[in-house]
Amino acid sequence: MKLHRTDVGCFVEDKGRYYRVPITSLDALFAQDDLQGYLHKIIEQSDGVDFALSELDFSSAQILAPIGSQEVWAAGVTYFRSRSARMAESKDAGGGDFYDRVYTAERPELFFKATPSRVAAPGGAVRIRIDAKWSVPEPELTLLINPRGKIIGYTVGNDMSSRDIEGENPLYLPQAKVYDRSCALGPCILVSSDPLPPTTPIRIEIVRSGQAAFSGATTLAELKRAPADLAAYLFRENTFPFGAFLMTGTGIVPPDDFTLAPGDRIRITIDPIGTLENDVVQGRLAPAV
Ligand code: DO4
Ligand code: MG
């Protein structure tokens, strides 16, 4: 089942039908002891009239990023492709070795990615930095973890990154990664505590002037670390009263001569969840709500 956040409240989708969720706060929903059980009850108790009204409300609603007060964190260098790309981009700065070491180390790379106000909604704009010359999207399976450290769902994430800034010096990572609308999440939460199968595909398409400028794909079989281990590391010495989102790293990196441009449209699909679409902009924007 899928949980959608919209401008008129939350809806649960099950077998193609939409049901209104009485609790409208995602913080309260994510803190439920058994979110899946709570949503199942809504579906069971709904009669035909409720269902028809909800369907109508949902079809005219605006989809929002499925985030409340949660912080967004990210794991890095969890795919071989990411390790190799980072080693190459930071070679001149002497940083290449770090990426190789973290790929094989027991402790993963985890970094702070975004506050909710920096997260773009599905269909909204993600940004490239004005001072970056080499910008890419990073399509990532993103975990929803409840305040008790349990994975309770999954969404699609885009970890927008400035590769020239990151490559110049690994200490510039926070500037390469954290800025207004450097992250997108959505279109919904797949509510499940079960691990996704290794065959799960992650696909990206970047469209420029109506033409495919880049497309790529990977599967979760290429993810070197178990999502539960990443979540356990994140929660080791941190409490998250509202839970947290954790992006699990990218396995798709466009060729080195590719950089995003304003007007590009990014489409990221993880089949059991859906497609996250965002347009690229550069320059000042009001904070996302
Ligand atoms: O180490 C830098 C960031 C890595 C990252 O974001 C990724 O591998 O997805
Ligand atoms: Mg990333």
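When a residue number appears, it is its place in the shown sequence, counting from 1. As the structure lists them, so they are numbered: ligands from 1, and atoms in each ligand from 1. Every value quoted in this text rests on a predicted model; they were computed, and no experiment measured them.
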Practice task
Give a yes-or-no answer on whether the side chains of Gln70 and Asp27 include a donor-acceptor pair shorter than 3.5 Å.
Solution key: yes

Handout entry: Contacts of Phe11 that satisfy ring pair (Phe, Tyr, Trp, His ring centres under 6.0 Å) - sequence neighbours left out
Key = Phe58

Handout entry: Residue pair Lys224 / Thr78, side-chain donor-acceptor N/O under 3.5 Å
Key = no

List, for ligand 1, each N/O atom that has a protein N/O partner under 3.5 Å away, with both atom names and the distance.
| from | atom 1 | to | atom 2 | distance (Å) |
| --- | --- | --- | --- | --- |
| ligand 1 | 1 (O) | Glu109 | OE1 | 2.7 |
| ligand 1 | 1 (O) | Glu109 | OE2 | 2.9 |
| ligand 1 | 6 (O) | Glu138 | OE1 | 3.0 |
| ligand 1 | 6 (O) | Asp159 | OD2 | 3.0 |
| ligand 1 | 6 (O) | Lys177 | NZ | 2.7 |
| ligand 1 | 8 (O) | Val77 | N | 2.8 |
| ligand 1 | 8 (O) | Ser82 | OG | 2.6 |
| ligand 1 | 8 (O) | Arg86 | NH1 | 3.3 |
| ligand 1 | 9 (O) | Glu138 | OE1 | 3.0 |
| ligand 1 | 9 (O) | Glu140 | OE2 | 3.0 |
| ligand 1 | 9 (O) | Thr250 | N | 2.9 |

Practice task
For the Mg ion (ligand 2), check which protein N, O or S atoms are under 2.8 Å away and list them.
Solution key: Glu138 OE1, Glu140 OE2, Asp159 OD2

Exercise for the section: State plainly whether the residues Arg81 and Glu138 are in salt-bridge range, i.e. N to O under 4.0 Å. Expected result: no

Handout entry: Exercise: do Ser82 and Arg86 side chains pair donor with acceptor under 3.5 Å
Key = yes

Handout entry: Residues that Phe235 engages under ring pair (Phe, Tyr, Trp, His ring centres under 6.0 Å), provided they are two or more places apart
Key = Phe240

Problem - Side-chain heavy-atom pair Pro262, Ile128 within 4.5 angstrom cut-off - result: yes

Exercise for the section: Fit a plane to each ring of Phe80 and Tyr103, take the angle between them on a 0 to 90° scale, and name the class: parallel (under 30°), tilted (30 to 60°) or perpendicular (over 60°). Expected result: perpendicular

Practice task
Measure across Leu276 and Val156 and return the closest heavy-atom pair with its distance rounded to 0.1 Å.
Solution key: CD2-O, 3.6 Å

